[in-house]
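Okay, so here's the structure we're looking at.
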Amino acid sequence: MRRKLFLAATATVALALIAAPAALAWGAMGHREIGFVAIKALPNDLPAFLRTDASAVTVGELSREPDRWRDAGKIHDTDRDPGHFVNLDDEGHVFHGPAIDQLPPTRELYDQAIRADGAYDMTKVGWLPYSIVDTWQQVTKDFSYWRVDTAAIETAKNPEQKAWFEHDRAEREKLILRDIGEMSHYVGDASQPMHVTIHYNGWGPFPNPDGFTTEKIHSPLEGIYVHQNVKPDMVAAKLSPYTACEGPIMPCVVAYLSATRDQVVPLYRLQKDGGFAPGDRRGVAFMTERLAAGSSKLRDMIVDAWKTSEKTGVGYPMITEADVRAGTVDAYAALYGVD
């Protein structure tokens, strides 16, 4: 009943949401710091190529890419911009859609659930959870190819085939950095409270008993404020210990998004109390913690992808690292291809 009353009381929001421009999440510096700090925090059991200073810098820069893609064209932007956010209401539902902990298994079914009332589709409310899972699955597959290439290099008896595996692995390492950069972007978006709420740029035309600002505070806070006040070493100092995702990836992503949504009201309250004014350290501490939450989650998801990749098949016919090391498959045929 509360949910029906809430939606009925905010009928004017439809036009506001439909007309809302796609907002960035974190500025260049925020995204750069999330990616850089996460790579620097990876444990030693991940591949050495990924744990270098150069890779940390590269991932930091590539973490910005999904924002730099913008304005490429209508088809491109329409298909990508809603992947940066999800508009959750104050009760934890996607606006005019399912509860955050009851997301359908695919974007197609998600869109159907949102379209059920006839007023919305997923382009209006965003699909950030799916962006995160999509990129994580890609990174997992990348790692699987790297594992198989490495095993094939170490066991190959044909010099020409070994050379091909070495080249393929080198190219895969470039793709891994690129794909981690993209994943970093969406994981970073999800650590910014205004990217997981209907109150994405000021409180908006919703019940507002606490008198929170309706000014457009989104870009100033995540952009120039972070650039001027938060440095990578501050973020690194606030990283949380590694927490493995036990079970399917989507529930772990949902828990992360829910924790970020819990910071929406604290952010607006802090803004109302002057916490982001020059010289007030409360705002700096808040933004540092949010960036650290994004960097911690990115590190955790990279580690989880690496672990999952051990048993993820690649090529055709599909093979694993263990198959190659056991000598039971033709790795060259599976990866180079016989078709």
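Every value quoted in this text rests on a predicted model; they were computed, and no experiment measured them.
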Checklist entry - Are Tyr242 and Ile34 connected in a single hydrophobic cluster, I mean Ile/Leu/Val/Met/Phe/Trp/Tyr linked by side-chain heavy atoms less than 4.5 Å apart? => result yes
Checklist entry - Regarding Arg172 and the six-membered ring of Trp146, is the cationic atom NZ or CZ under 6.0 Å from the ring centre and inside 45° of its axis? => result no
Checklist entry - Could you give the distance from OG1 (Thr140) to NZ (Lys307), rounded to the nearest 0.5 Å? => result 12.5 Å
Item to check | Donor-acceptor contact below 3.5 Å, side chain Trp26 vs main chain Gly188 | outcome: yes
Checklist entry - Do His31 and Asp189 meet the criterion of a side-chain donor-acceptor pair at a distance under 3.5 Å? => result yes
Item to check | Separation between NE2 of His185 and CH2 of Trp69, rounded to the nearest 0.5 Å | outcome: 8.5 Å
Checklist entry - Is the number of heavy atoms from other residues, nucleotides or ligands within 6.0 Å of NZ (Lys311) greater than 12? => result no
Checklist entry - Taking the side chain from Asp323 and the backbone from Thr320, do they hold a donor-acceptor pair closer than 3.5 Å? => result yes
Checklist entry - Any ion pair linking Lys174 and Glu171 (charged N to carboxylate O, less than 4.0 Å)? => result yes
Item to check | Residue His167 excluded, over 12 heavy atoms near NE2 under 6.0 Å | outcome: no
Item to check | Worked check of side chain to side chain contact (heavy atoms under 4.5 Å, CB included) between Tyr186 and Glu182 | outcome: CA-CA 7 Å; Tyr186 297 119; Glu182 185 176 355; 3.6 Å; yes
Checklist entry - Taking C-beta and beyond as the side chain, do Ser258 and Asp101 meet within less than 4.5 Å on heavy atoms? => result no
Checklist outcome for this item: dist Arg282:CZ -> Leu270:CG (nearest 0.5 Å) comes out at 5.5 Å
Item to check | Check: Thr155/Arg325 side-chain N/O donor and acceptor closer than 3.5 Å | outcome: no
Item to check | Heavy atoms of other groups near Glu215 CD, more than 12 under 6.0 Å | outcome: no
Checklist entry - Is there a donor-acceptor pair closer than 3.5 Å between any side-chain N or O of His96 and the backbone N or O of Ile114? => result no
Next on the checklist: With rounding to the nearest 0.5 angstrom, report the NZ to CH2 distance, Lys272 to Trp203.
Outcome noted: 11.0 Å
Next on the checklist: Under a 3.5 Å distance rule, please check whether Ser295 uses its side chain to pair with a backbone N or O of Ala38 as donor and acceptor.
Outcome noted: yes
Item to check | Under 3.5 Å donor-acceptor, Thr260 side chain and Tyr256 backbone | outcome: yes
Next on the checklist: Using only atom types and a distance under 3.5 Å, with no angle test, would you say the side chain of Asp89 pairs donor to acceptor with the backbone of His93?
Outcome noted: yes
Checklist entry - According to the interplanar angle, ranging from 0 to 90°, do the rings of Phe95 and Tyr120 count as parallel (below 30°), tilted (30 to 60°) or perpendicular (above 60°)? => result perpendicular
Next on the checklist: Test side-chain hydrogen bond (donor to acceptor under 3.5 Å, both in side chains) on Asp142 and Gln138; report intermediate values, then the result.
Outcome noted: CA-CA 6 Å; Asp142 288 339; Gln138 181 62 61; 3.1 Å; yes
Next on the checklist: Are the side chains of Pro105 and Tyr110 in contact, using a 4.5 Å heavy-atom criterion?
Outcome noted: no
Checklist entry - Quick check: does any side chain N or O of His195 sit under 3.5 Å from a backbone N or O of His84, one acting as donor and the other as acceptor? => result yes
Checklist entry - Does Lys216 NZ have over 12 foreign heavy atoms under 6.0 Å away? => result no
Checklist entry - Would Met250 and Trp136 count as a side chain to side chain contact (heavy atoms under 4.5 Å, CB included) if you check the C-alpha gap in whole Å, the side-chain angles of each, and the deciding distance to 0.1 Å? => result CA-CA 10 Å; Met250 182 60 90; Trp136 180 84; over 6 Å; no
Next on the checklist: Would you say that more than 12 heavy atoms from the other residues, nucleotides or ligands in this model lie under 6.0 Å from the NZ of Lys162, or not?
Outcome noted: no
Checklist entry - What's the verdict on ring-ring contact (aromatic ring centres under 6.0 Å, His included) for His199 and Phe206, showing C-alpha distance, side-chain angles and the deciding distance? => result CA-CA 8 Å; His199 312 295; Phe206 300 93; 5.0 Å; yes
Checklist entry - Can you find a pair of side-chain heavy atoms, one from Thr288 and one from Val230, that are under 4.5 Å apart? => result yes
Checklist entry - Only one of Ile249, Val253, Val86 clears side chain to side chain contact (heavy atoms under 4.5 Å, CB included) with Ile132; which? => result Val253
Item to check | Main-chain N/O of Arg51 paired to Lys40 side chain as donor or acceptor, under 3.5 Å | outcome: no
Checklist entry - Are the side chain of Ser55 and the backbone N or O of Phe49 linked by a donor-acceptor pair below 3.5 Å? => result yes
Item to check | Side-chain hydrophobic cluster, 4.5 Å single linkage: members besides Ile319 | outcome: Tyr145, Val148, Ile153, Trp164, Phe165, Val314, Val324, Val329, Tyr332, Leu335, Tyr336
Checklist entry - Between Ile302 and Met183, is any pair of side-chain heavy atoms under 4.5 Å apart? => result yes
Checklist entry - Hey, does Glu222 have a side-chain heavy atom less than 4.5 Å from the side chain of Gln192? => result yes
Checklist entry - Hey, mind stepping through Ser309 and Arg147 against side-chain hydrogen bond (donor to acceptor under 3.5 Å, both in side chains) and telling me if it holds? => result CA-CA 8 Å; Ser309 71; Arg147 284 179 179 273; 2.8 Å; yes
Item to check | Hydrophobic cluster identity match, Met29 and Val57, side-chain contacts under 4.5 Å | outcome: no
Checklist entry - How about Arg178: does its CZ atom have over 12 heavy atoms from other parts shown lying under 6.0 Å from it? => result no
Next on the checklist: Within this structure, what is the CZ-CG distance for the pair Arg68 and Leu62, rounded to the nearest 0.5 Å?
Outcome noted: 8.5 Å
Item to check | Point-to-point distance, once rounded to the nearest 0.5 Å, from OH of Tyr268 to CZ of Phe212 | outcome: 9.5 Å
Checklist entry - Are Leu177 and Leu175 co-members of a hydrophobic cluster defined by side-chain heavy atoms under 4.5 Å apart? => result no
Checklist entry - Heavy atoms, side chains only, cut-off 4.5 Å: are Asp79 and Ile75 in contact? => result no
Item to check | Polar side-chain atom of Tyr225 near backbone of Val284 as donor-acceptor pair, under 3.5 Å | outcome: yes
Checklist entry - Where do His218 and Met194 land on the side chain to side chain contact (heavy atoms under 4.5 Å, CB included) test, with the steps shown first? => result CA-CA 7 Å; His218 189 128; Met194 286 182 283; 3.7 Å; yes
Item to check | Residue pair Arg64, Asp67: steps toward the side chain to side chain contact (heavy atoms under 4.5 Å, CB included) verdict | outcome: CA-CA 6 Å; Arg64 304 164 53 211; Asp67 281 344; 5.7 Å; no
Checklist entry - Are the side chains of Arg299 and Ser240 in touch, meaning some heavy atoms are under 4.5 Å apart? => result yes
